[in-house]
Every structure is written in C-alpha cells, then in structure tokens.
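Working notes for the structure below.
Quick note on labels: first sequence line is chain A, next is B, and so on, each numbered from 1. Every heavy atom of this structure was used, including side-chain atoms; hydrogens, water molecules and symmetry mates were not. Keep in mind the model is a prediction, meaning the values are calculated, not measured.
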Amino acid sequence: MRMAAHPLLIGEIIVDFTVMPPGQEPKMRLGGIAHAARGFHASGQKFSVAAVLPQYLEKSARAYFARHGCEQFIVLGYVSGAPNVTVITDAIELADQGYEAILRDEKSVVLTDVGKDTFASYNAGLIFPGSYDLKRVAEIMPADMQFYIDVAYDVKSVQDLVPLLPRIRTVLLSTSSKLFTESGSTGIDELAKSFSSLKPEEIILKENRGGSRVHVYKDQKVTAVPAQLGKTLNSVGVGDVFAASYLLHREHGPVEAAWRATFAASAYSQTTEPDRFYDYVQRDLKLSLDDMQALGGTSLPWEARQQFQIYLAAPDFKNADRRAIERALASLQYHNFKVRRPIQEIGELPLGSDEISLRSTYERDVELLRSCQLVFAVPTGRDPGTLVEVGIAIEAGIPVIVYDPARECANTMVMAGSKCYSQDLDECLNETFSALSRCKK
Amino acid sequence: MGSTGSGSFTDYPGTTREKDKKGQGPGGGDGGGGQPDRCDKAFSVSLEDVEHCDYFKQHKDVPKPNTQLRIAHKKRIVAETTSGETVGNIPTKLNYLAGCLKDGYTYIGTVRHSSSNASGAVVMADFAATSPK
C-alpha cells in the first residue's frame with residue numbers, strides 16, 4: 001500500500017544569479033527545481049525531492065526546501081566541476097534570457113546509490129532533465145509511476161526520453177527551448193506528432209506571453225489557454241511553476257489544470273517573495289474554471305504571430321543611435337513576430353535626394369504601413385519621420401505602440417493617440433501581444 | 001526580488017509577513033517586504049468596450065467626470081456605477097483583481113475623463129483598494 005500522496009520533484013538544484021544594471025544590487029535565489037517547489041508550496045501542497053546538486057549547496061537547500069513543505073529530501077546525485085550557478089542577464093525574457101551556466105563544460109554528475117525502495121511510495125513524478133543520467137533515474141523509479149516531464153532544457157531529442165516509456169503522462173515544452181525549434185516550431189500539430197512515439201496523454205506547448213496550448217492525444221483536441229499578462233518582475237522559472245501547478249490539478253482534467261497553471265505562472269512572474277506568491281495563488285484558487293475562462297486573456301499562438309505584420313517606425317538608419325531599436329527588434333523577433341522594416345526593405349535615401357525619389361519612397365512606406373496590423377514605434381532622437389508614421393497609423397485606426405526609453409516624445413498627441421506609450425519594453429511587448437490577440441478575434 | 005545581493009538565501013516563506021507586521025513594508029529591499037501586494041495597489045485605467053456596455057446602451061452617453069464607480073466581477077472584471085450599470089470592461093492585464101475581489105478587497109474610483117464622438121467612447125478612471133483586513 002502506498003503512503004505518499006504527494007508528488008516527487010526530480011531534477012537539479014541551481015543557483016540563479018541575476019545581474020542587474022549598474023548601481024543596483026545583483027539578485028540571487030535557488031533555481032532549478034526550486035521554482036517548481038515554490039509552486040507546490042504556494043498551492044499548499046507537500047512534496048518530496050530527488051535532487052542533483054553540488055555538495056556545498058546541500059545544507060542550505062535542505063533547509064530551504066523544508067521550509068517550503070518538502071517532506072523528504074533525497075540526494076539523487078552530486079555535481080562536481082561546476083558550481084551549478086546560472087548567470088542571468090534578462091530576468092523578464094524580453095528576448096533570449098542569455099543564461100550562462102558557469103563552468104558548464106567542466107560539469108559532471110555522479111549519481112548516488114539510492115535504491116528503488118526509496119521511491120516505492122511515490123506515484124507521480126515531475127521531472128526536469130539536467131546533466132544527469134535520465135535512463136538511470138527511470139530505472140530506480142516505480143514501474144507504475146506517472147511522469148510529467150518538462151523538456152525545456154537538457155533534452156536534445158525525443159529519443160532521450162525513451163527510457164521513461166511507458167510512464168509519461170504529460171510532456172511540457174516551451175517555445176524558448178531548442179527542442180521546440182527542432183521538433184515543432186511550425187505548429188502544435190507537428191509538435192504533437194514528434195512526441196507521439198512516447199505515448200503521453202497530452203503535450204503542452206507553453207508559448208510565453210502568447211498563452212499555451214494543450215494537445216490531448218486521445219481525441220486529438222487542441223485547447224488554447226490565454227496568458228494572464230501583467231507587469232513582469234521576474235519570469236525565470238515561470239514555466240516550472242506552470243508544470244508544478246499543472247500536475248497538482250491534472251486530476252480535474254488537462255484543461256482546468258492548464259488554466260490553473262497559467263494563473264499560478266502569471267502570479268510567479270509578478271513577485272519573487274514567497275508570501276506574496278502564496279497569497280496570489282491561494283486567491284486564484286477561489287476562482288472556478290468558469291470564472292477563469294470568462295475572464296479571458298491574451299492568446300497568440302506561436303505560428304499565428306507570423307500572420308501579423310508589425311511596421312517598425314523608427315530611425316532605422318545605419319548611422320543612427322540604434323540601441324533602443326535593436327532592443328525592440330530583438331524582442332519582437334525572439335517572440336516570432338514578423339517585423340516589416342521600411343528603411344531596410346524600401347531603402348534609405350541619401351540627403352539631397354530628388355523630389356521624385358522622395359515621393360516614391362514616401363508612397364511605398366505609407367502603403368507598407370497601411371498593410372500592417374500594428375505599428376511599433378521607437379522615436380529615438382524625436383525622429384520626424386517616425387512621428388509622421390505614428391500619426392498616419394493613428395488616423396488609419398492601426399494600433400500604435402510607442403517604445404520611448406528616454407521619454408523624448410512625451411507629447412500629448414503621441415501619448416494619447418497611441419495604444420501604449422512607455423519607457424518600458426516589457427509593457428510595450430505585453431501591449432503588442434494584447435493588441436494582436438484582439439486583432440485575431 | 002528574491003534575495004538581494006549574494007551573501008545568502010533570504011527569500012524564505014514568512015519573511016514578508018514578518019516585515020509587514022513590523023511595518024517594514026514596500027521598500028524593505030531584501031527577501032521580504034520589498035514588493036507590495038498587487039491587490040493593495042491603486043490603478044488608473046482606460047475602460048474597454050464602453051459602447052457595448054449597459055451604461056452607454058441605456059444613456060447613449062458616457063458617465064461624466066467625477067462619477068463614482070466600483071469594480072465588480074461579472075463574467076469579466078468590470079467598472080460599474082453605484083447602481084450596478086456596467087460602464088466598461090477592465091483590461092485583462094488586471095484579471096488578478098478577480099482573486100482580490102474573492103478575497104474581500106473592494107475598489108472604489110471616479111471617472112477622470114470621458115468622451116464620446118465619432119471615433120468612439122472613452123472612459124478613463126482611477127481606483128483605490130480597500131483591504132478586507
């Protein structure tokens with residue numbers, strides 16, 4: 001007879017070290033499976049861990065996890081050769097977060113001789129693959145354990161997961177993972193096909209600010225669950241919290257589990273204080289599935305983003321101050337948006353160009369602008385061309401997002417006429433998702 | 001944001017509540033007390049779908065500045081008059097208010113700007129929270 005009704009969390013414990021801008025203190029917290037542990041804690045769920053970690057972290061990790069409701073802390077393996085510290089330069093995933101694992105090429109893992117009996121009482125495991133031997137872990141877990149596996153990192157191919165067969169219940173994958181790029185970036189159908197040999201009950205694609213989709217294999221049905229966007233404080237680990245919350249609510253079906261996971265993940269992105277996070281999750285648990293579904297949110301599937309054209313209104317010239325423009329471009333392109341760049345596509349006219357060239361270029365720019373669904377403006381240096389483009393778009397009823405980090409154009413017409421005017425790229429990105437999500441409807 | 005600095009891990013459960021009790025609220029700086037509860041925050045908002053809501057349909061107009069409003073959870077989170085007429089939807093970025101309302105928070109506000117013309121109906125309002133405690 002099994003005793004443990006709580007899940008087993010399997011994976012590495014890492015230290016997340018976030019580098020902040022000059023003048024601000026760096027931030028540090030436990031990462032890896034600690035994110036999912038916080039998700040369990042905030043839901044009031046006890047859990048146990050089978051952890052891979054460097055020895056120096058063991059004492060503090062044991063204390064930390066115990067305070068979060070960890071019943072049994074089992075060391076599955078030790079890391080040597082590397083401190084298991086990840087340096088993060090973008091904590092809110094505006095673009096590629098630039099994770100830097102220190103001494104990663106020197107890292108090795110030696111699994112302990114913990115035996116099968118240790119895990120006999122567990123029947124649900126949430127696995128985050130890492131630098132450890134997944135095959136060995138599969139061998140020591142109970143034959144009838146159901147695995148929920150988040151394959152965001154450290155899985156090179158679907159074949160790597162074969163040792164877990166036939167126990168995989170749910171596969172979770174993020175659009176920010178390399179595996180997604182290699183196995184399904186053209187759509188959820190292709191992705192589901194790629195993982196079908198593992199015979200999971202469902203596969204979930206987490207699409208960052210565009211929400212998530214659940215593909216249930218039994219009836220081949222896909223359900224889109226919108227994102228709950230808010231001011232992002234730190235998005236590191238939100239996908240892990242999603243996975244933990246999903247597991248906890250899976251007994252109510254994959255759709256309700258995904259909705260609850262979405263709300264928990266959103267809450268985690270808005271605070272890094274465990275008490276606040278706990279309160280947010282507990283409040284959201286008072287909402288019914290109907291409540292959550294009626295609230296709506298932002299849904300913009302990965303591949304659908306290419307159907308929308310975003311006109312970049314900016315001094316996108318070779319010799320301009322390009323810092324803000326490059327940040328915006330990197331962010332939009334990272335999120336798979338189709339950015340139309342008139343100066344790159346139609347041309348940069350030299351000073352003193354003749355009237356016909358000017359007129360022709362103007363008309364082609366305006367035509368391109370009018371064919372786009374959104375204008376993203378970066379008016380660096382109060383560029384007059386950009387401001388004219390903003391005006392044309394406002395008059396045409398095309399939503400305008402203005403990213404103005406230096407607040408150079410904090411002008412009534414620009415601010416009030418735009419859907420969003422902000423110094424904050426996070427806010428501009430959210431509003432871009434939101435506007436195009438509404439456009440889709 | 002988690003533990004500040006790199007000396008030790010300080011973001012343990014209980015630290016924020018301790019700081020809250022001691023009155024060391026937002027601005028505390030380290031693992032606890034630095035981030036205000038989102039339910040406590042005041043907010044300014046431009047209401048959505050104003051023309052499709054009860055108030056506009058009934059009055060063929062928008063409520064005048066200084067009209068008192070409150071936040072309610074119908075299907076969406078909405079702003080309504082004190083007599084319960086829905087004026088507009090609150091943007092989904094504030095959906096977290098649903099949990100706050102379930103927890104007993106209330107939000108009262110006033111119309112700061114409103115207009116209705118050929119390009120559409122606009123209602124902008126400010127709201128402040130009242131905690132259930």
Side-chain angles (χ1 to χ4, degrees), chain A residues 15-18 20 24-30 34 38 41-42 60-61 63-64 67-69 91 226-231 233-234 236 263 266-267 270-287 290-298 397 427 430-431 434 437-438, chain B residues 1-21 26 28-41 43 46 48-49 73-78 89-105 113 115 119-120 122 124 132:
Chain A
V15 175
D16 287 347
F17 185 80
T18 304
M20 303 299 283
Q24 290 181 40
E25 279 195 277
K27 308 290 181 185
M28 181 185 73
R29 63 176 175 170
L30 282 178
R38 295 186 190 103
H41 172 258
S60 52
Y64 190 88
R67 288 277 292 275
H68 283 78
Q228 299 299 313
L229 299 182
K231 171 71 184 164
L233 188 68
N234 190 322
V236 179
F263 272 71
S266 173
Q270 293 177 30
T271 181
T272 54
E273 293 184 3
D275 293 339
R276 296 277 185 250
F277 179 47
Y278 180 89
D279 289 345
Y280 297 174
V281 171
Q282 290 298 314
R283 287 174 190 142
D284 289 343
L285 286 173
K286 293 174 184 171
L287 302 173
D290 286 345
D291 284 339
M292 291 186 287
Q293 288 177 321
L295 288 170
T298 301
E427 188 180 357
N430 277 353
E431 291 296 338
S434 173
S437 172
R438 287 171 76 92
Chain B
M1 189 172 89
S3 305
T4 294
S6 50
S8 62
F9 301 109
T10 58
D11 57 332
Y12 281 91
T15 39
T16 306
R17 290 196 214 296
E18 277 302 308
K19 294 236 170 188
D20 285 348
K21 270 187 205 166
D30 68 3
Q35 296 158 18
D37 189 323
R38 62 185 179 180
C39 291
D40 289 324
K41 289 182 185 172
F43 57 92
S46 182
E48 295 178 345
D49 312 314
H73 184 181
K74 294 186 173 170
K75 283 191 173 178
R76 292 271 307 266
I77 303 298
V78 302
N89 289 324
I90 300 293
T92 58
K93 67 183 177 186
L94 297 172
N95 273 353
Y96 69 82
L97 292 170
C100 305
L101 291 165
K102 286 266 185 201
D103 218 23
Y105 278 85
H113 165 80
S115 62
S119 59
V122 175
M124 298 171 87

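A:Y64 touches chain B through backbone and side chain together, each having a heavy atom under 4.5 Å away. Both the backbone and the side chain of A:A267 have a heavy atom closer than 4.5 Å to some heavy atom of chain B. Neither the backbone nor the side chain of A:Q282 comes within contact range of chain B; no heavy atom of the residue lies under 4.5 Å from a heavy atom of that chain.
Highest contact tally toward chain B, considering only A:G397, A:G296, A:A294, is held by A:A294 [criterion: heavy-atom pairs under 4.5 Å]. Highest contact tally toward chain B, considering only A:L295, A:N430, A:L30, A:D291, is held by A:L295 [criterion: heavy-atom pairs under 4.5 Å]. Counting heavy-atom pairs closer than 4.5 Å to chain A, the top residue among B:P91, B:C100, B:C39, B:S119 is B:C39.
Cation-pi geometry between B:R38 and A:Y280 is met: under 6.0 angstrom from the ring centre, within 45 degrees of the axis.
Judged by distance alone, the side chains of B:Y105 and B:D40 do bring a donor and an acceptor atom under 3.5 Å apart.
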After noting the C-alpha distance and the side-chain angles of B:D11 and A:K27, does the key distance pass the salt bridge (charged side-chain N to carboxylate O under 4.0 Å, His left out) rule? CA-CA 11 Å; B:D11 57 332; A:K27 308 290 181 185; over 6 Å; no
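With sequence neighbours excluded, no residue satisfies side-chain hydrogen bond (donor to acceptor under 3.5 Å, both in side chains) with B:K41.
The backbone N or O of A:Q228 lies less than 3.5 Å from a partner atom in the side chain of A:S266, making a donor-acceptor pair.
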